[in-house]
Amino acid sequence: NTSGRVIEESYIIEVRSSNFKHSPYITQVFDFTPAPGQFVNEAPKWIEGMTYKELLDVVLKRLGGTNKNYVSLGAYGGSITFGFDHLVPNLDGPDLVIWGNAFPKSSEAGIVQVAYDANHNGIPDDPWYELYGSAHKEPDATFHYSITYYRPDSKKQPVLDPKEPAVIDAEYIRWEDNQGNSGFIPKNKYHKQSYYPAWIKEDSYTLSGTRLKNNAVLTTKGESKIWELNPFEWGYVDNKPNNDPNGSQFDLSHAHDSKGNPVALKGIHFVKVYTALNQVAGVIGETSTEVMHAYDIRYRKLLEKR
């Protein structure tokens with residue numbers, strides 16, 4: 001369309017200009033709120049006395065620019081919000097790349113939300129729009145889902161699970177959702193630090209979004225039982241390997257508002273990724289989305305040709 005051509009032409013002019021100052025990569029991290037999980041307080045590493053701003057700086061160093069050091073979002077609802085220093089336009093085809101650390105049959109799918117800086121203040125306080133993937137249209141998708149996690153009691157006696165020898169507390173962190181369900185994030189012997197984010201002072205916190213259907217299946221191969229996390233067809237972070245276009249590329253034309261209506265965005269400045277699954281897969285533990293890299297597809301291509 002005409003507006004798309006104008007934006008693309010302005011891209012080309014700016015990239016060819018000696019005054020080009022923008023980056024195709026993440027330049028800001030505004031929020032990092034993981035749900036409890038076995039990599040929380042480890043990826044990134046929490047250091048006692050660290051301020052929240054210092055934590056965000058550490059996250060940015062891991063993900064910003066061409067860096068590819070992942071951060072873990074923990075169990076369902078855990079999220080990261082980051083931004084670009086320019087408008088990422090909604091043109092024909094994929095507009096964004098967001099990498100996870102998935103390999104075949106290890107999908108820990110995360111949902112992507114985007115926002116346009118409508119009030120031009122440089123912070124993500126504008127309406128969010130969700131990029132629908134293939135599983136959003138399936139009957140088992142739960143919209144307007146929310147879950148509350150409770151700080152673990154350090155004095156509680158651990159509960160062992162005879163079926164999972166690696167689990168050292170099967171009832172470690174309790175959760176309740178708005179569907180009348182409850183359960184626990186277990187703790188395993190491989191990660192003995194606290195799974196509750198150290199910088200969250202409240203004894204409970206609530207996270208919300210869309211929940212996708214569970215994808216973990218226990219399979220038998222020979223004498224071994226193996227958990228497989230089957231990938232969704234397309235549209236999610238950390239769902240398929242990064243070299244699979246359906247595993248890393250995102251089209252802004254898939255944006256929907258909070259009522260599920262398609263929205264035509266001219267572009268976006270901010271991105272939020274959150275874990276879309278609430279499940280525990282045996283020794284693997286909770287399903288937790290990892291994010292490690294992101295960029296504006298067209299800006300990067302133009303820079304490579306510069």
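Please read these numbers as outputs of a predicted model, since none were measured by experiment.
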Quick one: closest heavy-atom pair of [X] and [Y], and the distance?
X	Y	answer
Ser146	Thr206	CB-CG2, 4.2 Å
Ala255	Leu265	CB-CD1, 3.7 Å
Ser253	Asn90	OG-OD1, 3.1 Å
Pro44	Val58	CB-CG1, 3.8 Å
Val283	Ala166	CG2-CB, 3.8 Å
Phe30	Pro124	CD2-CD, 3.5 Å

Would you say the side-chain atoms of [X] pair up with the backbone N or O of [Y], donor to acceptor, closer than 3.5 Å?
X	Y	answer
Thr219	Ile226	yes
Asp140	Ala135	no
Asp85	Ser23	yes
Asn41	Trp46	no
Asp251	His254	no
His269	Asp117	yes
Thr51	Glu54	yes
Asn239	Ser107	no
Thr289	Ala109	yes
Asn215	Pro231	no

(message) Any salt bridge linking Arg300 with Asp296? Criterion: basic side-chain nitrogen under 4.0 Å from a carboxylate oxygen.
(response) no
(request) Would you mind checking if Glu228 and Lys221 are paired as a salt bridge, meaning a charged N to carboxylate O distance below 4.0 Å? (result)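 Looking at Glu228 together with Lys221, the answer is yes, because their closest N to O distance falls below 4.0 Å.
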Output every pair passing side chain to side chain donor-acceptor pair (under 3.5 Å) with a member in [range], not counting sequence neighbours, ordered by first then second residue.
range	result
residues 62-77	Ser72-Glu290
residues 192-205	Arg151-Asp203
residues 153-167	Lys156-Asp169

(request) Taking salt bridge (charged side-chain N to carboxylate O under 4.0 Å, His left out) as the test, write out the residues that go with Lys213, two or more places apart. (result)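 Partners of Lys213 by the salt bridge (charged side-chain N to carboxylate O under 4.0 Å, His left out) criterion, ordered by chain and then number, come out as Glu138.
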Side-chain contact test, heavy atoms from C-beta onward, threshold under 4.5 Å: evaluate it for [X] versus [Y] and give yes or no.
X	Y	value
Leu96	Phe84	yes
Asp95	Arg298	yes
Tyr149	Arg174	no
Tyr145	Ile147	yes

Partner set under side chain to side chain contact (heavy atoms under 4.5 Å, CB included) for [X], not counting sequence neighbours:
X	value
Ser258	none
Ala276	Ile111, Leu212
Ala281	Ala216, Trp227, Leu229, Ile284
Val40	Pro34, Pro197

Connecting only ILVMFWY residues whose side-chain heavy atoms lie within less than 4.5 Å of each other, what is the rest of [X]'s hydrophobic cluster?
X	result
Val167	none
Ile168	none
Phe184	none

(request) Evaluate the criterion side chain to side chain donor-acceptor pair (under 3.5 Å) for residue pair Gln38 and Asn188; output intermediate values, then yes/no. (result) CA-CA 8 Å; Gln38 60 191 303; Asn188 64 58; 2.8 Å; yes
(request) Give the intermediate values and the outcome of side-chain contact (heavy atoms from CB on, under 4.5 Å) for residues Tyr150 and Glu176. (result) CA-CA 9 Å; Tyr150 297 89; Glu176 297 177 350; 3.2 Å; yes
(message) Is there a side-chain contact (heavy atoms from CB on, under 4.5 Å) between Glu286 and Ile185? Walk through the geometry before answering.
(response) CA-CA 7 Å; Glu286 81 290 340; Ile185 302 295; 4.1 Å; yes
(request) Apply side chain to side chain donor-acceptor pair (under 3.5 Å) to Asp31 and Tyr52, showing your working. (result) CA-CA 9 Å; Asp31 181 75; Tyr52 185 60; 3.0 Å; yes
(message) Using side chain to side chain donor-acceptor pair (under 3.5 Å), reason through Asp177 and Asn278 one step at a time and then give a plain yes or no.
(response) CA-CA 10 Å; Asp177 68 16; Asn278 180 19; 4.8 Å; no
(request) Indicate whether the side chain of Glu130 and that of Thr210 have a donor and an acceptor atom separated by less than 3.5 Å. (result) yes
(request) Anything under 30° is parallel, anything over 60° is perpendicular, the rest tilted; go ahead and classify His120 against Tyr116. (result) perpendicular
(message) Can you classify the ring geometry of His86 versus His22 as parallel (below 30°), tilted (30 to 60°) or perpendicular (above 60°)?
(response)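 Correct class here is tilted.
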(request) Would you check if the distance from the ring center of His256 to the ring center of Tyr129 is below 6.0 Å? (result) no
(message) Set out, in order, the CA-CA distance, both residues' side-chain angles and the distance that settles side-chain contact (heavy atoms from CB on, under 4.5 Å) for Val112 and Tyr236, then state yes or no.
(response) CA-CA 7 Å; Val112 178; Tyr236 305 102; over 6 Å; no
(message) Let's go through Leu73 and Val291 carefully: what are the C-alpha distance in whole Å and the side-chain angles of both, what is the deciding distance for side-chain contact (heavy atoms from CB on, under 4.5 Å) to 0.1 Å, and is it a yes or a no?
(response) CA-CA 8 Å; Leu73 305 185; Val291 176; 4.1 Å; yes
(request) Taking ring pair (Phe, Tyr, Trp, His ring centres under 6.0 Å) as the test, write out the residues that go with Tyr274, two or more places apart. (result) none
